[in-house]
Asks: 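Pasting a structure below so you can have a look.
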Amino acid sequence: MATFKITRVNTTPFEGQKPGTSGLRKKVKVFIQPNYLQNFVQATFNALGADRVKNAILVVSGDGRYYSKDAIHIITKMAAANGVRRVWIGQNGLLSTPAVSAVVRERVGADGSKATGAFILTASHNPGGPHEDFGIKYNMENGGPAPEGITNKIYENTTTIKEYLIAEGLPDVDISTTGVSSFEGPEGKFDVDVFDSTSDYLKLLKSIFDFPSVQNLLSCPKFSFCYDALHGVAGVHAKRIFVEELGANESSLVNCVPKEDFGGGHPDPNLTYAKELVARMGLSKAHSEPNPPEFGAAADGDGDRNMVLGKRFFVTPSDSVAIIAANAVQAIPYFSGGLKGVARSMPTSAALDVVAKHLNLKFFEVPTGWKFFGNLMDAGMCSICGEESFGTGSDHIREKDGIWAVLAWLSILAYKNKDNLGEGNLVTVEDIIRQHWVTYGRHYYTRYDYENVNADGAKELMAHLVKLQSSIDEVNKVIKEIRSDVSNVVHADEFEYKDPIDGSVSKHQGIRYLFEDGSRLVFRLSGTGSEGATIRLYIEQYEKDSSKIGRDSQEALAPLVEVALKLSKMQEYTGRSAPTVIT
């Protein structure tokens, strides 16, 4: 058995190692600086404290982006030196973010042990490669992201760090082959367990959904299906789940081989970046597809986000979570006993609110960041939740879950079509959405992203919007000069959230303008980019009149868009005449 000793390495702090809502994300060139990753990992161990680190079992895996394998070896050696008992690694270092959460919560080791936390190596939907992004975040024993109390401590530690611990003499473990490697250190035995990336996750999903029912749908000659992993880690799970378990044709899978640079693409599942899927589904302006599949879906780099499409039909993420909530009890066995409650992030449209009111469910509006949902779920107050940024999930884990969302939609389609698989027309994705709008009303909704804008200009724009809020009368006067056909603003604020579970208060979570007719404008600075600033503008209009729910979304929202851009002086502050992405 190989032995190792513990070495203390002197180091000095790096500026800017403050984790955002999803961990620390920077360019690869930043992470590969000597001691940069090591400082952050040691700061994390120090923040967790000896009681959470000594004899712990940690999961260390990620989306397979460039630098992941090097990082896994570094973290493994540092874990050994800090007294961790065992490290679990998905084969080839690959585990989607939802699969990591599932492994932490569900996997049981050969000796009955369970994981106590996880380092997830991902920058989510950001590009990968030597000149692109890398990221790392820590998840707790509930399988969810570390709370602010921990992430603030991590950051504080990065500003004062003087040394880190690493195991000298511990070889790089072969992570391409499953099995346990054992080593001897000064404090006893240390194991590295490389395990199958999908088995635990699949077992959990099979306990939630009626797989035979979905299998019947996928085997129906009238039903066709397409899944695009955008060369992210979800491709590892997709083949096993959709093809081997559910019987889909392998040709249904697109870009399902994980690549360190995501094939040179941007692994963000939206209409701009999922070009191949969008074309296949008949939604490309440049390419006409004569016979698109009935159902299509895409994942992001780490598999926690999803985009759902019908034949020539885009499902907004806000509508998606509302429709899953409205149909979950009938279509998904896991929810057959009823929903505990539902929640959405503040910028997400109010479609879910209307469903909650209709079904008499507990409802919560939280800041952007999955940890806020996690608190509600841990307290047994929330079953289904979602974000407009293509994130949907439930209390089966403590992360959003792209494949869960796809299986939820396939389950709803299977339930609606249980009597139509032989004769008759299938109930389509579009049918389900349009019927939902008739029942609950339609929330016309769009998001404009201005990526990598000058950070000072972005801050000035947000300060300008806050200042405007001091006089609603003045705001309405400005709006009427821009568009007389837009409703009056009745309330404007910076969203603030007091967590009903732990009492913590989150301030400055987005600037809101709420209109008399239920419309909303929301402006937010996003923390998920690796450089510059990203301004997200959310525009929503509610329509209850069933004769007006079939309009083109951009056309219906045009007056509010004009108001938003002129009120915020977007071009003046950012120098941008158009957004980078519209969803």
Side-chain angles (χ1 to χ4, degrees), residues 95-108 114 139 142-144 196-218 225 227 233-234 236-248 295 297 299 303-306 308 317 320-343 352 355 359 361 370 373-374 376-378 380-387 390-418 432:
L95 279 177
S96 69
T97 293
V100 171
S101 189
V103 166
V104 171
R105 294 172 65 83
E106 304 290 334
R107 186 172 195 256
V108 179
K114 292 195 75 175
N139 278 30
N142 72 341
D196 180 83
S197 297
T198 304
S199 295
D200 301 286
Y201 181 46
L202 172 61
K203 184 180 175 185
L204 179 60
L205 292 172
K206 287 176 86 168
S207 73
I208 296 167
F209 299 103
D210 181 352
F211 266 48
S213 164
V214 175
Q215 196 169 12
N216 286 342
L217 176 72
L218 290 177
F225 163 82
Y227 184 80
V233 69
V236 170
H237 307 313
K239 185 175 180 186
R240 181 89 164 270
I241 293 166
F242 296 123
V243 176
E244 293 175 22
E245 286 288 332
L246 292 169
F295 179 85
D304 63 349
R305 298 185 185 211
N306 73 95
V308 170
S320 180
V321 67
I323 286 161
I324 291 171
N327 292 279
V329 173
Q330 292 80 21
I332 301 170
Y334 180 81
F335 300 115
S336 59
L339 302 180
K340 299 163 191 168
V342 294
L352 185 61
V355 170
L359 299 180
L361 295 169
W370 210 258
F373 295 131
L376 295 169
M377 289 171 176
D378 283 346
M381 296 166 73
C382 177
S383 294
I384 290 174
C385 55
E387 297 178 330
F390 297 88
T392 327
S394 90
D395 61 352
H396 68 295
I397 55 171
R398 295 296 179 266
E399 291 278 6
K400 47 189 173 257
D401 189 344
I403 286 180
W404 175 92
V406 173
L407 289 170
W409 265 95
L410 290 172
S411 297
I412 292 165
L413 284 162
Y415 174 74
K416 300 274 187 189
N417 285 293
K418 60 182 185 289
I432 290 169

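Numbering of residues begins at 1 and proceeds along the displayed sequence. Predicted, not measured: the structure shown is a model, and the values here were computed from it.
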Asks: I want to check something: taking the side chain as every heavy atom from C-beta on, are V406 and Y227 in contact at a cut-off of under 4.5 Å?
Replies: yes
Asks: Quick check: closest heavy atoms across A234 and A299, and the distance to 0.1 Å?
Replies: CB-CB, 3.7 Å
Asks: Within a radius of less than 6.0 Å around NZ of K203, do more than 12 heavy atoms belonging to other residues, nucleotides or ligands occur?
Replies: no
Asks: Are any non-hydrogen side-chain atoms of E399 and V100 less than 4.5 angstrom apart?
Replies: no
Asks: For W370 and F373, take the angle between the two ring planes, folded into 0 to 90°, and tell me which bin it lands in: parallel under 30, tilted 30 to 60, perpendicular over 60.
Replies: perpendicular
Asks: Strictly distance-based, threshold 3.5 Å: is any side-chain N or O of S96 a donor or acceptor partner for the main-chain N or O of V233?
Replies: no
Asks: Could you report the tightest heavy-atom contact between A408 and I324, atom names first, then the distance?
Replies: CB-CD1, 4.0 Å
Asks: How long is the span from the SG atom in C382 to the CE atom in M377, to the nearest 0.5 Å?
Replies: 4.5 Å
Asks: I would like to know whether K416 and N327 meet side chain to side chain donor-acceptor pair (under 3.5 Å); could you show each step before the answer?
Replies: CA-CA 10 Å; K416 300 274 187 189; N327 292 279; 3.2 Å; yes
Asks: Could you tell me which non-hydrogen atom of L352 sits nearest to which non-hydrogen atom of V321, and how far apart they are?
Replies: CD1-O, 4.0 Å
Asks: Using a strict 4.0 Å threshold on nitrogen-to-oxygen distance, state whether E387 and R305 make a salt bridge.
Replies: no
Asks: Flag this pair as yes if the NZ/CZ of K206 is under 6.0 angstrom from the six-membered ring centre of F209 and inside a 45 degree cone about the axis; otherwise no.
Replies: no
Asks: Check for a donor-acceptor pair, side chain of S101 on one end and backbone N or O of P98 on the other, with a separation under 3.5 Å.
Replies: no
Asks: I'd like to know if the side chain of K114 and the backbone of R105 have a donor-acceptor N/O pair within less than 3.5 Å.
Replies: yes
Asks: Salt bridge or not between R107 and D196? Use side-chain N to carboxylate O under 4.0 Å.
Replies: no
Asks: Do you know which two heavy atoms are closest between L218 and A248, and how far apart they sit?
Replies: CD1-CB, 4.2 Å
Asks: Taking the side chain as every heavy atom from C-beta outward, state whether D304 and D401 have any atom pair closer than 4.5 Å.
Replies: no
Asks: For a 4.5 angstrom cut-off between non-hydrogen side-chain atoms, does V355 reach V342?
Replies: no
Asks: Do N139 side-chain atoms and G143 backbone N/O form a donor-acceptor pair below 3.5 Å?
Replies: yes
Asks: Which atom pair, heavy atoms only, marks the closest approach of I403 to A238?
Replies: CD1-N, 4.3 Å
Asks: Between atom NE2 of H237 and atom CZ of F242, what is the distance when rounded to the nearest 0.5 Å?
Replies: 11.0 Å
Asks: Side chains of M381 and D378, heavy atoms from C-beta outward: is any pair under 4.5 Å?
Replies: no
Asks: If you measure from CD1 on I332 to CZ on F335, what distance do you get to the nearest 0.5 Å?
Replies: 5.5 Å
Asks: Would you name the heavy atoms of A325 and L339 that are closest together and state the gap between them?
Replies: O-CD1, 3.6 Å
Asks: Within a strict 4.5 Å, meaning less than it, do heavy atoms of the R240 and S197 side chains meet?
Replies: no
Asks: Rounded to the nearest 0.5 Å, what separates atom CG in L202 from atom CD in E244?
Replies: 9.5 Å
Asks: Is the closest side-chain donor-acceptor distance between D210 and Y334 under 3.5 Å?
Replies: no
Asks: Within the 4.5 Å heavy-atom criterion, are I241 and Y201 side-chain neighbours or not?
Replies: yes
Asks: For S320 and W409, which I'm curious about, is there any donor-acceptor pair between the side chains at under 3.5 Å?
Replies: yes
Asks: Answer whether the closest heavy-atom distance between the side chains of P333 and I208 falls below 4.5 Å.
Replies: no
Asks: Working to the nearest 0.5 Å, report the span between OG of S394 and NZ of K340.
Replies: 9.0 Å
Asks: Could you grab the distance from atom CG of L246 to atom CG of L410, nearest 0.5 Å is fine?
Replies: 8.0 Å
Asks: Does either side chain, that of N306 or that of K400, offer a donor lying less than 3.5 Å from an acceptor on the other one?
Replies: no
